[in-house]
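Comments concern the structure below.
Just so you know, these numbers use all the heavy atoms, side chains as well, and skip hydrogens, waters and symmetry mates. Chain letters run A, B, ... following the sequence lines, proteins first and then strands; every chain starts at 1.
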Amino acid sequence: MEKIATTRNPEPATRNPIIQLENICFSYPNGRAVLDNLQFEIGRGQKSGLIGPNGSGKTTFLHIIMGLLISWSGTVRIFGKPVETEQDFRHVRQKVGFLFQNADDQLFSPTVLEDVAFGPLNLGKKPGEAREMSLDTLKALNLDGFEDRVTHRLSGGEKKLVALATVLVMKPDVLLLDEPTTGLDEDTSKRIIDILNGLDISYVIVSHEYDFLARTTRDIYSMQGGKIEYSGRSENLHSHYHSHPHGTVPHSHN
Amino acid sequence: MLEEPFATGHSHIHCLDPRLKVLFATVYSFVVALSDRFPSLFAALALSFLLIGLARLNIREVAKRVLIVNGLILLFWLVLPLTFEGVALFYLGPFEVTREGLLLSARITLKSNAILLAFVALIASTSIATLGHALNRLRMPEKMVHLLLLTYRYVFVIEQEYQRLVRATKIRGFRPRSNLHTYRTYAYLIGMLFVRASERAARVHRAMICRGFKGKFYCLREFSFSRLDFVWSAFMAIVVIGLVIVEWV
């Protein structure tokens with residue numbers, strides 16, 4: 001019988017952590033504890049995947065890193081410095097890009113160019129400069145010619161790619177992606193995989209799709225009972241049908 | 001659905017600075033609305049037709065919009081001549097049709113059509129996004145501009161949510177009747193729509209915060225005033241002055 005790989009630690013990447021979460025606890029007003037003494041860190045250049053059942057707190061976890069939700073206790077450190085106030089988090093949000101699950105939530109401007117330029121303009125770039133950066137980012141994602149398209153008329157896949165552009169244009173050091181391939185066709189998923197593999201920044205991907213994680217990440221973590229645990233290297237994990245009870249838990253066969 | 005059939009085009013009017021168009025359309029509609037003499041009203045109507053021609057819009061689409069407004073105006077023609085006091089022109093059975101009533105209806109018709117056509121030619125030929133930024137540059141309060149732009153963006157999304165809810169009721173055999181069950185279902189539907197809209201607003205706001213939003217929108221578009229704009233400003237000024245002279249001198 002295979003052993004469940006939850007004890008081995010991830011490899012050296014964590015020596016130079018960008019994001020560290022220590023003893024994070026969080027519960028919603030209805031009293032259900034979502035995060036319970038959670039520990040997590042991501043190092044420079046580390047590409048990690050996070051899996052876990054629905055409602056296990058994956059999105060809450062991401063929102064806490066971004067300062068959209070404030071943990072009840074524990075410390076969030078970004079680049080080694082603890083972040084607490086809204087002011088601290090504003091700085092963090094320039095360094096940490098967040099791709100929302102639903103692209104319609106992310107794209108609110110009438111045209112693609114305006115949406116992509118929104119971030120740079122907020123960072124104080126001049127209109128000309130923001131336009132330039134946006135066009136470059138669109139080009140890098142093979143979205144040339146999209147700048148004047150109306151955002152709500154894009155297809156689901158196009159929306160996702162443009163949403164990714166709106167995050168990447170801010171040149172983040174880390175990327176958090178909340179179920180980036182949900183509802184996308186093979187083609188768009190493939191494009192996103194290629195884009196992610198071409199990036200030299202760290203990222204954390206929350207996803208249910210092992211195949212997708214195997215092709216984009218190195219380390220896999222799983223979330224359960226309000227905690228995050230290391231599950232192993234992505235190449236050792238897989239999804240297939242199992243007759244034994246651990247089939248739904250990430251595990252390796254070596 | 002909100003379409004913008006007139007917003008794309010390459011006529012002179014499409015290329016004009018949107019600020020100029022908003023400004024002229026506003027001044028023009030005030031002048032026309034306040035005019036009373038028929039020479040100036042007919043002149044205004046002719047001018048509005050000229051603008052439509054210059055904008056090279058799809059006449060069929062324009063006619064559709066004009067018809068909707070004139071359907072309402074028809075009501076004035078039915079009511080005003082019979083109710084407005086003045087010299088009786090002729091009698092329809094027991095009712096007296098007054099000269100003043102007819103003239104008033106005619107004025108309303110001319111004014112409405114002139115203003116409507118001018119707005120179609122000038123304002124509908126601008127995309128909502130551009131219009132928002134033009135209003136911003138004309139010192140319209142920012143909150144109003146954001147309301148316009150965000151409404152325009154999310155009205156589609158909310159409409160889709162509404163259609164989803166309606167489908168969900170239909171596939172379970174709901175047919176609207178005049179009974180409590182129907183009213184309750186519609187109330188739930190509308191309530192759910194509000195809940196979803198407000199949840200979406202919260203999510204959109206979060207996404208905006210993640211991209212550095214601090215409560216202020218910055219405009220990407222830089223407006224420039226070209227030679228064409230100068231020529232048109234002069235033309236529009238002459239038109240307004242001409243109308244004022246015909247009307248009040």
Side-chain angles (χ1 to χ4, degrees), chain A residues 59 62-63 65-69 86-87 89-132 134 147-148 150-153 159 163 166-167 169-170 172 176 178, chain B residues 1-5 7-10 14 18 126-137 145-161 164 196-224:
Chain A
T59 300
L62 296 179
H63 282 195
I65 298 178
M66 296 307 288
L68 298 172
L69 294 171
E86 177 65 18
Q87 202 61 41
F89 276 111
R90 270 188 196 166
H91 185 69
V92 166
R93 290 175 197 135
Q94 296 178 17
K95 304 283 178 197
V96 185
F98 188 10
L99 187 71
F100 278 68
Q101 200 173 338
N102 186 339
D104 258 319
D105 295 341
Q106 198 135 16
L107 306 176
F108 65 90
S109 305
T111 67
V112 168
L113 182 66
E114 279 173 294
D115 218 301
V116 180
F118 176 73
L121 288 173
N122 285 330
L123 297 183
K125 303 278 185 231
K126 299 224 161 54
E129 211 179 335
R131 172 185 293 267
E132 199 76 15
S134 309
E147 54 270 20
D148 291 324
V150 174
T151 46
H152 72 83
R153 292 200 188 122
K159 276 184 188 164
T166 68
V167 175
V169 72
M170 297 177 76
L176 308 178
D178 195 355
Chain B
M1 290 294 263
L2 256 171
E3 296 286 335
E4 298 178 279
T8 47
H10 299 284
H14 283 94
T126 319
S127 72
I128 302 264
T130 313
L131 188 63
H133 290 310
L135 290 171
N136 193 16
R137 288 305 164 89
V145 175
H146 303 160
L147 213 55
L148 174 76
L149 292 178
L150 288 176
T151 305
Y152 170 69
R153 169 64 182 87
Y154 283 100
V155 81
F156 302 96
V157 178
I158 291 173
E159 209 243 19
Q160 276 168 12
E161 302 226 22
R164 259 204 293 278
R196 291 199 183 177
S198 94
E199 276 182 355
R200 178 170 300 273
R203 289 199 302 272
V204 171
H205 186 233
R206 283 175 168 175
M208 287 165 78
I209 284 177
C210 283
R211 288 201 280 153
F213 181 64
K214 297 185 210 69
K216 190 174 160 41
F217 282 93
Y218 302 90
C219 180
L220 189 61
R221 197 186 150 122
E222 288 160 294
F223 293 109
S224 60

What residue in Thr111(A), Thr151(A), Leu107(A), Val150(A) has the most heavy-atom pairs under 4.5 Å with chain B? Leu107(A)

Any idea which of Val167(A), Leu123(A), Asp115(A), Leu113(A) has the most non-hydrogen atom pairs under 4.5 angstrom with chain B?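 Result: the option with the highest number of such pairs is Asp115(A).
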
Report which part of Ile209(B) has an atom under 4.5 Å of a heavy atom belonging to chain A: side chain, backbone, both, or neither. both

Which bit of His146(B) comes within less than 4.5 Å of chain A, counting heavy atoms only: side chain, backbone, both or neither? neither

Shortest non-hydrogen contact from [X] toward [Y]:
| X | Y | value |
| --- | --- | --- |
| Phe156(B) | His152(A) | CE1-NE2, 3.1 Å |
| Asp105(A) | Tyr154(B) | O-OH, 4.0 Å |
| Gln106(A) | Ala207(B) | CA-CB, 4.0 Å |

In terms of heavy-atom proximity below 4.5 Å to chain B, should [X] be classed as side chain, backbone, both, or neither?
| X | value |
| --- | --- |
| Ser109(A) | backbone |
| Glu114(A) | both |
| Arg131(A) | both |
| Ile65(A) | neither |
| Phe108(A) | both |

Between the SG atom in Cys210(B) and the CG atom in Asn122(A), the distance rounded to the nearest 0.5 Å is 11.5 Å

Working to the nearest 0.5 Å, report the span between CG of Leu68(A) and CZ of Arg203(B). 13.0 Å

Is there a side-chain contact between Arg206(B) and Phe98(A), using heavy atoms and a 4.5 Å cut-off?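 Not touching, per the 4.5 Å side-chain cut-off.
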
Determine whether Asp104(A) and Arg200(B) make a side-chain contact, defined as any pair of heavy atoms from C-beta on separated by less than 4.5 Å.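 Side-chain contact under 4.5 Å: yes.
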
Evaluate Phe118(A) against Met208(B) for side-chain contact (heavy atoms from CB on, under 4.5 Å), listing each step before the verdict. CA-CA 9 Å; Phe118(A) 176 73; Met208(B) 287 165 78; 4.2 Å; yes

